[in-house]
S.K.: 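Quick one: this structure, given as C-alpha cells, is what I'll be asking you about.
Counting starts at 1 for both ligands and their atoms, in listed order. Side-chain atoms are counted along with the backbone in the values below, which use heavy atoms only and exclude waters and symmetry mates.
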Amino acid sequence: MRGLFDVAGKNVLVTGGSRGIGLMIARGFVEAGATVIISSRKADVCKEAETELSRFGTCIAHAADLATDEGIDSLADGTAQIAPSLDVLVNNAGATWGAPIGEFPGGGFDKVMGVNVKAVFLLTQKLLPQLRVAASAEDPARVINIGSIDGLRVSSADNFSYAASKAAVHMLTRQTAAALAAEHITVNAIAPGLFPTKMMAHALDDDAARRRMTDKVPLHRTGTPEDIAGTALFLSSRAGAYLTGAVIPVDGGVSVAK
Ligand code: NAP
C-alpha cells in the first residue's frame, strides 16, 4: 500500500488555477511533486500564482480565456507543448451570475454555460491526444471536473444559469466517463460545498453572513485547501484509479442536510 496516494512526476493542468479552489488544487499537486500548468484569463495574476507555487515545486502559467474558441485552442496547444503526455486535467475554471428570476438576462446563461460547460467539453476533447499518451490500464489518465452542490440540490441563491450549468457538468462527467473508459481515461466530478473564495465573497463578506452560511453546513465549517486538494490527489493517485463517472460531494454534508 506504500505510495497509494502518490502523484509525484505526473503532468497536471488546472484551469482557473490562479486563485480560489483552482489554486488550492494546484498547490496540492505542486507540493506532492507533480508538474502543474495553471491557467486563467488574467496573465499577471497567473504569473503571480506561478511565482508563488514555484517555491514548492514546478508550476507553469499559461493565460487563456476559456470563453472563446481561440482561448481553448491556445491552452490546449500550450499544454501539449509542455506536457505531450498529460496525466491529469482538472476542469475547474468557472463563472457565476446572480439575478432575480424576473430580471435574469439571457447573457447570464450564455456566459455561464460557455465557461462552465462548453469549455469543459471542448478542452477535454482537444487534450484527448495528450491524455491518451498518459493512459494505461494500470494508471489511467484522469479528468476531474469541478461541479457544485448547487448542481445537486436547490440553492438559496438566485443563480439559475450556474445551478443548471453545474448539473450539466455532473451529467457531462458521466457521459464522457462512459465514452472514454475503454481508452483508460477516467472522468469524475468533485461537487464542492462552501469554500471561501472570490466567487463566494459576497456571501461570506462579514462575520454574521459567514456564521449564517456555516450554520447550514452539518460539519459547521467552510472547506479548506486540504479538503479539496485531498480529493483531487486521491482521484489522481493509484487509490482513485478504479473510480469513473462519480460525482463526489466535498461539502461538509450540505447535500444530505435535513
Ligand atoms: P473564483 O475564485 O472566482 O476562481 C475562478 C477561477 O476561474 C479564477 O482563476 C478565474 O481567473 C478563472 N476563470 C473565470 N472565468 C474564466 C475564463 N473565461 N477563462 C479562463 N479562466 C477563467 O472561484 P472558485 O470559488 O475558486 O471556483 C472554482 C470552481 O469551483 C468553479 O468551477 C466553481 O463553480 C466551483 N465551486 C466553487 C464553490 C465555492 O464555494 N467557492 C462551490 C462549488 C463549486 P480569471 O478571472 O483570471 O480568468
S.K.: Please list all pairs passing the ring-ring contact (aromatic ring centres under 6.0 Å, His included) test where one or both residues lie in residues 203-252, with sequence neighbours left out.
M.R.: none

S.K.: Can you sort out the partners of Thr79 under side chain to side chain contact (heavy atoms under 4.5 Å, CB included), two or more places apart, ordered by chain and number?
M.R.: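 So Thr79 forms a side chain to side chain contact (heavy atoms under 4.5 Å, CB included) with Leu13, Ile37, Leu75, Leu86, Leu127.
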
S.K.: List the steps, then state whether side chain to side chain donor-acceptor pair (under 3.5 Å) holds for Ser148 with His170.
M.R.: CA-CA 9 Å; Ser148 172; His170 299 164; over 6 Å; no

S.K.: Mind checking what residues have non-hydrogen atoms under 4.0 angstrom from ligand 1?
M.R.: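 Close residues (ligand 1, cut-off 4.0 Å): Gly16, Ser18, Arg19, Gly20, Ile21, Ser40, Arg41, Lys42, Ala64, Asp65, Leu66, Ala67, Asn92, Ala93, Gly94, Val115, Ile146, Gly147, Ser148, Tyr162, Lys166, Pro192, Gly193, Leu194, Phe195, Thr197, Lys198, Met199, Met200.
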
S.K.: For residues Phe109 and Phe104, establish whether the separation of their ring centroids is below 6.0 Å.
M.R.: yes

S.K.: Please enumerate all residues that pass side chain to side chain donor-acceptor pair (under 3.5 Å) together with Lys42, with sequence neighbours excluded.
M.R.: none

S.K.: If you measure from the Lys or Arg side-chain nitrogens to the Asp or Glu carboxylate oxygens, is any gap between Arg142 and Asp139 under 4.0 Å?
M.R.: yes

